[in-house]
**Q** 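One structure, pasted below without further comment.
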Amino acid sequence: MGSDSLYQAIWAVVATVPPGWVTTYGEVARRLERCGSRQVGYALSALEAGSDIPWHRVVNRLGEISPRSQGDDHHQRERLEEEGVLFDGRGRIDLERYRWELGWESGRGERR
DNA sequence: AGATTGACTGCAT
DNA sequence: CATGCAGCCAATC
């Protein structure tokens, strides 16, 4: 795996997050180790539009959409709401409820 | 090779 | 809980 690009590794982890759940940059970075949280965001920024990677399921540690340069933050929120993720009045997600801990493996789909 | 930047995080205030 | 500052890591200039 080490021979693959760091981006590939990050995208692979992000792809493991099931719909209706979210994760943070820090979680992905820590799970991969070898890279800081910024690299995760950096990798997603390099991601091309229309990619198969559910980049919208990755939010910052506050459970909110990180302000990016493009301004597609509104777009991401819409996408998450579509998957059943609810936002609070400040546009934040309840991480205690939607946070997907990496390593859980899909199939449980409980804890809702 | 050195400085700057960026979709971040943790701790202090 | 919001704001500010420092630490971190890789890509880019």
Side-chain angles (χ1 to χ4, degrees):
Chain A
M1 279 279 283
S3 48
D4 291 334
S5 293
L6 183 58
Y7 290 177
Q8 292 290 330
I10 293 172
W11 298 335
V13 174
V14 175
T16 64
V17 181
W21 291 82
V22 297
T23 189
T24 66
Y25 297 96
E27 283 296 310
V28 177
R30 219 176 297 276
R31 178 91 176 88
L32 289 172
E33 200 177 325
R34 195 21 149 194
C35 75
S37 23
R38 300 195 106 153
Q39 271 46 330
V40 178
Y42 201 71
L44 294 182
S45 69
L47 207 52
E48 298 176 14
S51 181
D52 300 323
I53 308 302
W55 56 272
H56 55 267
R57 291 184 198 137
V58 184
V59 295
N60 62 22
R61 70 178 179 88
L62 300 176
E64 187 180 67
I65 314 291
S66 295
R68 61 173 100 350
S69 344
Q70 289 199 351
D72 292 354
D73 53 317
H74 178 70
H75 193 319
Q76 178 171 3
R77 172 176 172 163
E78 230 175 64
R79 203 101 162 238
L80 286 171
E81 289 181 319
E82 190 177 327
E83 292 189 351
V85 177
L86 270 29
F87 286 72
D88 69 353
R90 291 199 233 40
R92 274 221 234 92
I93 301 172
D94 183 358
L95 280 180
E96 292 292 299
R97 189 169 129 149
Y98 296 107
R99 182 196 263 248
W100 175 263
E101 198 169 332
L102 300 172
W104 274 2
E105 296 188 38
S106 50
R108 61 199 325 278
E110 302 296 322
R111 205 207 162 133
R112 280 285 209 132

**Q** From CZ of A:R68 over to P of B:dA7, roughly how many Å is that when rounded to an integer?
**A**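 The distance from CZ of A:R68 to P of B:dA7 comes to 9 Å, rounded to the nearest Å.
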**Q** For A:R68, what residues pass the side chain to side chain donor-acceptor pair (under 3.5 Å) criterion, not counting sequence neighbours?
**A**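 For A:R68 the side chain to side chain donor-acceptor pair (under 3.5 Å) partners, ignoring immediate neighbours, are A:Q76.
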**Q** Are the side chain of A:R79 and the backbone of A:H56 linked by a donor-acceptor contact shorter than 3.5 Å?
**A**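 No; judged by distance alone, with no hydrogens or angles, the pair does not exist.
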**Q** Figure out the CD1/P separation between A:I10 and B:dG6, and round it to whole Å.
**A**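 In whole Å, B:dG6 P lies 18 Å from A:I10 CD1.
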**Q** Kindly write out the residues that satisfy side chain to side chain donor-acceptor pair (under 3.5 Å) with A:D52, not counting sequence neighbours, or none if the list is empty.
**A**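 Counting only residues at least two positions away or on another chain, A:D52 forms no side chain to side chain donor-acceptor pair (under 3.5 Å).
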**Q** Could you tell me the separation between the OH atom of A:Y25 and the P atom of B:dA7, rounded to a whole number of Å?
**A**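 Spelled out: OH on A:Y25 to P on B:dA7 is 9 Å.
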**Q** Do you know which two heavy atoms are closest between A:R61 and A:T24, and how far apart they sit?
**A**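 Smallest heavy-atom distance, with atoms named: CA-CG2, 4.0 Å.
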**Q** Would you tabulate the pairs of protein nitrogen or oxygen atoms and nucleotide nitrogen or oxygen atoms of nucleotides 10-13 of chain C closer than 3.5 angstrom?
**A**
from, atom 1, to, atom 2, distance (Å)
C:dA10, OP1, A:R34, O, 2.9
C:dA10, O4', A:Q39, NE2, 2.7
C:dA10, N9, A:Q39, NE2, 3.4

**Q** How long is the line joining CG of A:L44 and C1' of B:dC8, in whole Å?
**A**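 In whole Å, B:dC8 C1' and A:L44 CG are 12 Å from each other.
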**Q** Can you name the residues that form a side chain to side chain donor-acceptor pair (under 3.5 Å) with A:R77, not counting sequence neighbours?
**A**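 Partners of A:R77 under the side chain to side chain donor-acceptor pair (under 3.5 Å) test: A:E81.
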**Q** Between A:W21 and A:Y98, what is the shortest heavy-atom contact and its length?
**A**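 Closest approach of A:W21 to A:Y98, heavy atoms only: CE3-O, 3.2 Å.
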**Q** Residues two or more places apart in sequence or in another chain: which of them pass side chain to side chain donor-acceptor pair (under 3.5 Å) with A:R34?
**A**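 In terms of side chain to side chain donor-acceptor pair (under 3.5 Å), with neighbours along the sequence ignored, A:R34 is linked to no residue.
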**Q** Quick check: does any side chain N or O of A:S5 sit under 3.5 Å from a backbone N or O of A:Q8, one acting as donor and the other as acceptor?
**A**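 Pair absent, no side-chain N/O of A:S5 close to backbone of A:Q8.
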**Q** Side-chain contact test, heavy atoms from C-beta onward, threshold under 4.5 Å: evaluate it for A:T23 versus A:R57 and give yes or no.
**A**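 The answer is no; the side chains never approach within 4.5 Å.
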**Q** Has A:S66 got a side-chain N or O lying under 4.0 Å from the OP1 or OP2 atom of B:dC8?
**A**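 Result: yes.
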**Q** What is the distance, rounded to the nearest whole Å, between atom CG of A:L95 and atom C1' of B:dC8?
**A**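 Rounded to the whole Å, the gap is 14 Å.
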**Q** Take atom CD of A:Q76 and atom P of B:dA7, then tell me their distance rounded to the nearest Å.
**A**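 Spelled out: CD on A:Q76 to P on B:dA7 is 13 Å.
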**Q** Whole Å only: how far is the CG atom of A:N60 from the C1' atom of B:dG6?
**A**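 Roughly 14 Å, once rounded to whole Å.
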**Q** Rounded to the Å, how far apart are A:R31 CZ and B:dT9 C1'?
**A**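 It works out to 19 Å between those atoms.
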**Q** Distances under 3.5 Å only, N/O to N/O: pair up the protein atoms with those of nucleotides 1-3 of chain C.
**A**
from, atom 1, to, atom 2, distance (Å)
C:dA2, OP1, A:R90, NE, 3.2
C:dA2, OP1, A:R92, NH2, 3.3
C:dA2, OP2, A:R92, NH2, 2.8

